[in-house]
There are 2 protein chains.
Amino acid sequence: MPLLQPGQALTLWQRALLAQVHNADPDLTVRQMTILLTVYLNPPPHTVRGLAEYLGVTKPVISRALDTMGTMGLVRRKRDEQDRRNVLILRTVDGSLYLQRLGDLIIETAGEVGI
Amino acid sequence: MPLLQPGQALTLWQRALLAQVHNADPDLTVRQMTILLTVYLNPPPHTVRGLAEYLGVTKPVISRALDTMGTMGLVRRKRDEQDRRNVLILRTVDGSLYLQRLGDLIIETAGEVGI
DNA sequence: GCAAACTGATACGGTCCCGAAACAACACGT
DNA sequence: ACGTGTTGTTTCGGGACCGTATCAGTTTGC
């Protein structure tokens, strides 16, 4: 018997999204959230082109998402001095905290659902 | 030791969102997805006002989301004949299939992550 | 030195979403 | 019957996002 069953999975998903909607913080797009998680969970370095390929979206999508999340302080841009065409996407303290809260939220929700 | 740990939770979240981004299907907003899950997981009846309160958003948000998801065939509207001011939000076969696929996707992702 | 290739950012036109306010349809108490 | 309150929808101005095409800066190979 699997630890996670379909009904539980959807309930977990609903509760976690609901908490996020309730939260007054500005909502991140599904794409933005995926970019943020990728930057913090996958090993660096991260570039615009690399993220665009990984997510299967166009480069402007990444560029604009970095603008938005940069303003929010969730990520940071830095020129690659080895190859000045590249832009490296770096993590920030605020971004780490943001995702830490998200992780705690999912864990807490999972507990309530009985996972 | 909890079954689900913070790192695993975020990885699960990332992989599931990534699969959703990769999928060519038109993306649902976080709010729209939450509405859809609520309609299918919480016991009926569902009204515009009820959903707006439950999600903590304004009524127009619900009304417009129902327009969009109605066009996609994910939910259906029906006048309440008991009190014709109300609109009941009903489930559809397509909506059930959509969420079933989402549930399977999360389960599958969880398996890959080792949950 | 210079043209071609590459990387990330930007301009443009279009679509969708948002919040506040106004609106139409309906129920209910007097 | 009629005014009040309720419910859901629509309108309006504004903002964010998207995809395509284009642009500026940098590297690479001849």
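Proteins get letters first, then strands, A, B, ... in listed order; numbering begins at 1 in each. Computed from a predicted structure; not experimentally measured.
Backbone-only engagement by A:Arg77 is indicated by non-hydrogen atom pairs under 4.0 Å involving sugar-phosphate atoms exclusively.
Looking at which nucleotide of DNA chain D each of A:Ala65 and A:Arg79 is closest to, the 5′-most match is held by A:Ala65.
Within 6.0 Å of the CD atom in B:Gln82, the count of heavy atoms belonging to other residues, nucleotides or ligands does not exceed 12.
Put simply, chain B comes within 4.0 Å of DNA chain C, heavy atom to any atom, from C:dC17 to C:dA27, going 5' to 3'.
One atom, CG of B:Leu66, and another, P of D:dT10, lie 11 Å apart when rounded to the nearest Å. One interatomic measurement links the two molecules: CD1 of A:Ile62 to P of D:dA16, which rounds to 19 Å at whole-angstrom precision. A straight line from CZ of B:Arg64 to C1' of D:dT7 spans 16 Å, rounded to a whole angstrom.
The closest side-chain heavy-atom distance from B:Arg76 to B:Ile89 is not below 4.5 Å. Looking at A:Val75 and A:Leu90, their side chains never come closer than 4.5 Å, going by heavy atoms from C-beta outward. Residues B:Val39 and B:Leu51 have side chains in contact (heavy-atom distance under 4.5 Å, counting atoms from C-beta outward).
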Protein and nucleotides 27-30 of chain D: nitrogen or oxygen contacts under 3.5 angstrom:
residue	atom	partner	partner atom	Å
D:dT27	OP1	A:Arg84	N	3.2

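With sequence neighbours excluded, the residues forming a side-chain contact (heavy atoms from CB on, under 4.5 Å) with A:Leu41 are A:Leu37, B:Leu10, B:Thr11, B:Gln14, listed by chain and number. Under the salt bridge (charged side-chain N to carboxylate O under 4.0 Å, His left out) criterion, B:Asp94 pairs with no residue, sequence neighbours left out. When the side-chain hydrogen bond (donor to acceptor under 3.5 Å, both in side chains) test is applied to B:Arg91, no partner is found at least two apart in sequence or on another chain. For B:Arg49, the salt bridge (charged side-chain N to carboxylate O under 4.0 Å, His left out) test picks out B:Glu53, with sequence neighbours left out.
For residues 94-115 of chain B, no residue pair satisfies the ring-ring contact (aromatic ring centres under 6.0 Å, His included) rule, not counting sequence neighbours. For residues 10-66 of chain B, the ring-ring contact (aromatic ring centres under 6.0 Å, His included) pairs, not counting sequence neighbours, are A:Trp13-B:Trp13.
Under a 3.5 Å cut-off, the side chain of B:Thr47 and the backbone N or O of B:Gly50 do form a donor-acceptor pair.
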Under 3.5 Å donor-acceptor pairs involving side-chain atoms of residues 62-70 of chain A, not counting sequence neighbours:
residue	atom	partner	partner atom	Å
A:Arg64	NE	A:Pro60	O	3.4
A:Asp67	OD1	A:Arg77	NH2	2.1
A:Thr68	OG1	A:Arg64	O	3.3

Do any side-chain atoms of residues 99-115 of chain B form donor-acceptor pairs under 3.5 angstrom with protein atoms, and if so which ones, sequence neighbours left out?
residue	atom	partner	partner atom	Å
B:Thr109	OG1	B:Leu105	O	2.7

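Contacts between residues 31-38 of chain B and DNA chain D, defined by a heavy-atom separation under 4.0 Å, are absent. Across residues 40-60 of chain A, A:Thr58, A:Pro60 each have a non-hydrogen atom less than 4.0 Å from an atom of DNA chain D (numbered order).
In terms of phosphate contacts, B:Asn86 brings a side-chain nitrogen or oxygen within less than 4.0 Å of OP1 or OP2 of D:dG8.
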